[in-house]
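Naming: A, B, ... by sequence-line order, numbering from 1 per chain. Since the structure is predicted, the reported quantities are computational estimates derived from the model, not experimental observations.
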Amino acid sequence: MGQQTEQGQEDILKRLKQAKAIAAKVGDRYVDISALETKSQETSDTLGQGQQTIEPVTVESPEGLGIYRHSTSHIMAHAVKELFPDAKVTIGPATEEGFYYDFDQETPFTPDDLVKIEKKMIQIIKKNNPFVRKVVSKADAIQLFKDMGETYKVEIIEEIEDDVVSLYEEGEFVDLCRGPHVPSTGRINAFKLLKTAGAYWRGSEKNKMLQRIYGTAFANETQLKDYLNFLEEVKKRDHRKIGKELDLFSINDEIGAGLILWHPNGAIIRKTIEDFWRDEHIKANYSLLYTPHIAKLNLWQRSGHLDFYKENMYAPMEIEGADYELKPMNCPFHVAIYNSSLRSYREFPIRYAELGTVYRYERSGVLHGLMRVRGFTQDDAHIFCRIDQIEDEILNVLDFTLFVLKTFGFEQYDIYLSTRPEKYVGSLDNWEISTNALTKALTTKELKYEVDPGEGVFYGPKIDIKVKDSLKRQWQCSTIQVDFNNPERFDITYRGADDKEHMPIMIHRALMGSLERFFGVLIEHYGGVFPLWLSPLQLSILTVSDRHIAFAQELVDLFKKNGIRVEGDFGNEKIGYKIRHASMRKVPYTVLIGDKEAQTATLTVRKRSGGNIVYNSREELLDFLKQEINNKT
RNA sequence: GCCGAGGUAGCACAGUGGUAGUGCAGCUGAUUCGUAAUCAGCAGGUCGUGGGUUCAAAUCCCAUCCUCGGCUCCA
């Protein structure tokens, strides 16, 4: 029976009210609360037949928050239409962080406009207009929006397959919308408009550029403030800002956009990372390689890069009549080394690793500090093996990757398995075997992962690992990809136990992805407060007055001889000034040398985080530092 | 590439047509001082670059390079 008693309905409404619901979930559908109040045809359709569960939806749930933000975006569109009657509305969805609405509007919105729009929105919220859902025929809707001059809405409606569409009316503002919405505008407690941006209609640069306004909304002011604080924290940790403050790297107009200059402080961090990386690769039975930065065009023809990667490659340069190309990837070189001699199955798996610098053309608008550059060094490796060895190799690589990430303080990550896309090379058999091998490796490791169907690279399935930094932001660094393409294209083989020729499988993998990007992520993850082993300067020795210089110099020499990155600050400034100076540069430890220290063997060490530790001798301090460096914590 | 905002001393910023400024950093001198800024003096800029308008341009116009926020894609 689709009929509900008056009593039952009232109970439900009461329950929703008590739960402070902004919408309801009926079965697996989200509906307006008003849908439960009225008894229209559509309502009974919505409620369906028989007994479906009816759950309150609150702003506390992700879905509820999405509905809430979507309603806020409607209110914003309403405000914009009142202030800018000529603006045409397009779409305005909720996003993970908030919402946006795109308008077709001649003059872009200014920051002042945002303030005006916010004020207008507050008025609309105060009016507490109900959101009224109306279902009309497509033809009626088209006519309605045509009359209003809302051509984008007409375009959207024409593409909707149903015979009817729903409209939401709130005050004088009507918008095409699937819904649901909060019951009335007064339900919005806390929102903020954040920024404006250009955005193409339907995301295609062939279409007109629209004006987008981003905003966000939360259940209450406290949560909104927390979010705004988070944005502040993100700004504070911006690797470009910290990179300047700590003198880590720079980008120079005259050298070129997207090309990184590693300053001494950044370079020593990179050197430390690279040393760690090489040592661990040797331990893990990889062979290290070096390969050139350019190669003949023919190589890139054969590898297929000219077919599928041309947009990201620089124009060739002619050298003695032959064209050479700056390398966008390292794989063909590694294949060439594989091919430099006949290979036997007994050598397998062959693991080649290189910190290979590649150059890729990126459009000027997408460059971003260290995160998106035009020249970068990949921590690349290629594993050549038999198809039955894939699973073991993936297991190894997974262990290795997680170990490396953990060393840099990344303990949380999300893992994605991408399967065969529509356009692909290689046999279906190989795809199946290798996808199964990846899956099995993940389940053996009991790693949680999500499947991205059809998101694999055309040459094979892959596993991507996205780390979460200290602000819980996701960064994709590691990738493990099976490759059927290169072995075929370069026709590489090995001699099997059966004395026949076979084609090996290649696995590409990068743990950190690109050193530049990884460095950027590290800077933001640590907020510039690097652990001791990575800190450019590990120890600063400060003198209280000139008569302590000789003694302090002795200590500097001792620590330097023992591999500690140490400086002596012997200037004639006051001690407070020197401490501040070290503190601003985030030096992990400082030692003050005054009369006390010159007379006793005791050393008092000031930690970057504040607080002192006392050591009985310089050797004791040295041991402590060495141990902390070794622990990489 | 497209839309918008920017580019002034090493850094952070002020300066709307009339002799380029402030703070920090730097250098010099004084001070020799015990846990986040001692004092004084000095020096530092063809105002991103190239054109144009004007008696006069950091300032107005055009072009160009770069940076930033997005769009698209990704490491």
Side-chain angles (χ1 to χ4, degrees), chain A residues 100 102 105-111 113 194-214 235 238 240-241 244-247 250-259 309 311-312 328-329 358 360-380 455 457 464-466 475-479 481 508 510-521 542-549 570-585 590-597 604-608 610-612:
Chain A
Y100 64 82
D102 286 344
Q105 150 92 342
E106 274 313 303
T107 48
F109 298 107
T110 65
D113 292 339
L194 297 170
K195 57 194 170 192
T196 57
Y200 298 105
W201 169 234
R202 300 200 153 157
S204 166
E205 54 194 85
K206 286 177 192 145
N207 293 335
K208 186 164 183 189
M209 176 73 67
L210 306 173
Q211 300 303 327
R212 174 171 298 180
I213 300 176
Y214 281 95
K235 236 187 205 169
D238 191 314
R240 294 163 301 188
K241 183 169 171 277
K244 233 177 241 173
E245 286 166 358
L246 299 185
D247 198 13
S250 65
I251 300 166
N252 183 315
D253 290 11
E254 295 193 4
I255 288 165
L259 303 171
Y309 208 70
E311 294 143 32
N312 286 290
M329 291 191 192
V358 297
R360 297 181 185 174
Y361 168 70
E362 298 281 2
R363 299 199 292 180
S364 57
V366 305
L367 298 173
H368 180 90
L370 293 172
M371 301 301 193
R372 193 70 182 268
V373 295
R374 285 179 175 163
F376 59 98
T377 301
Q378 289 182 304
D379 69 318
D380 211 356
E455 286 300 306
V457 199
D464 287 331
I465 300 175
K466 296 186 181 175
W475 301 97
Q476 202 213 312
C477 298
S478 319
T479 181
Q481 310 180 343
H508 302 249
L511 311 183
M512 302 182 281
S514 110
L515 285 179
E516 282 74 6
R517 181 184 161 80
F518 192 71
F519 187 36
V521 173
L542 322 180
T543 49
V544 174
S545 91
D546 285 355
R547 64 177 176 278
H548 307 116
I549 292 179
F570 302 159
N572 58 1
E573 308 292 347
K574 281 191 177 175
I575 200 73
Y577 180 90
K578 294 181 191 179
I579 287 166
R580 180 180 152 83
H581 185 53
S583 182
M584 304 271 288
R585 289 177 298 151
T590 49
V591 182
L592 268 59
I593 302 299
D595 290 340
K596 246 186 279 170
E597 286 72 18
T604 306
V605 176
R606 187 181 201 278
K607 290 191 284 186
R608 170 169 54 184
N612 292 329

Under 4.0 Å, heavy atoms only, any strand: does [X] hit a base, just the sugar-phosphate, or nothing?
X	value
A:Glu455	nothing
A:Arg212	sugar-phosphate
A:Gly611	nothing
A:Gln211	sugar-phosphate

Set of salt bridge (charged side-chain N to carboxylate O under 4.0 Å, His left out) partners for A:Arg606, sequence neighbours left out: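 Not a single residue meets the salt bridge (charged side-chain N to carboxylate O under 4.0 Å, His left out) criterion with A:Arg606.
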
OP1 or OP2 of B:A75 under 4.0 Å from side-chain N/O of A:Gln378: no

Side-chain N or O of A:Tyr577 closer than 4.0 Å to phosphate OP1/OP2 of B:A25: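 Affirmative; the distance criterion is met.
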
Any residue meeting side-chain hydrogen bond (donor to acceptor under 3.5 Å, both in side chains) with A:Gln105, in chain and number order, not counting sequence neighbours: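 So A:Gln105 forms no side-chain hydrogen bond (donor to acceptor under 3.5 Å, both in side chains) with any residue.
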
Contact state string [nucleotides 43-48 of chain B, B base, S sugar-phosphate only, - no protein heavy atom under 4.0 Å]: ------

Whole-angstrom distance between B:G21 and B:G15, as gauged at atom P: 15 Å

Same-atom distance (P) from B:A37 to B:U46, integer angstrom: 35 Å

Check: A:Glu362 side chain, B:A75 base, donor-acceptor under 3.5 Å: yes

Mate of B:G41 where both pairing distances stay under 3.5 Å, Watson-Crick or G-U: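 With both distances under 3.5 Å, B:G41 matches B:C27.
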
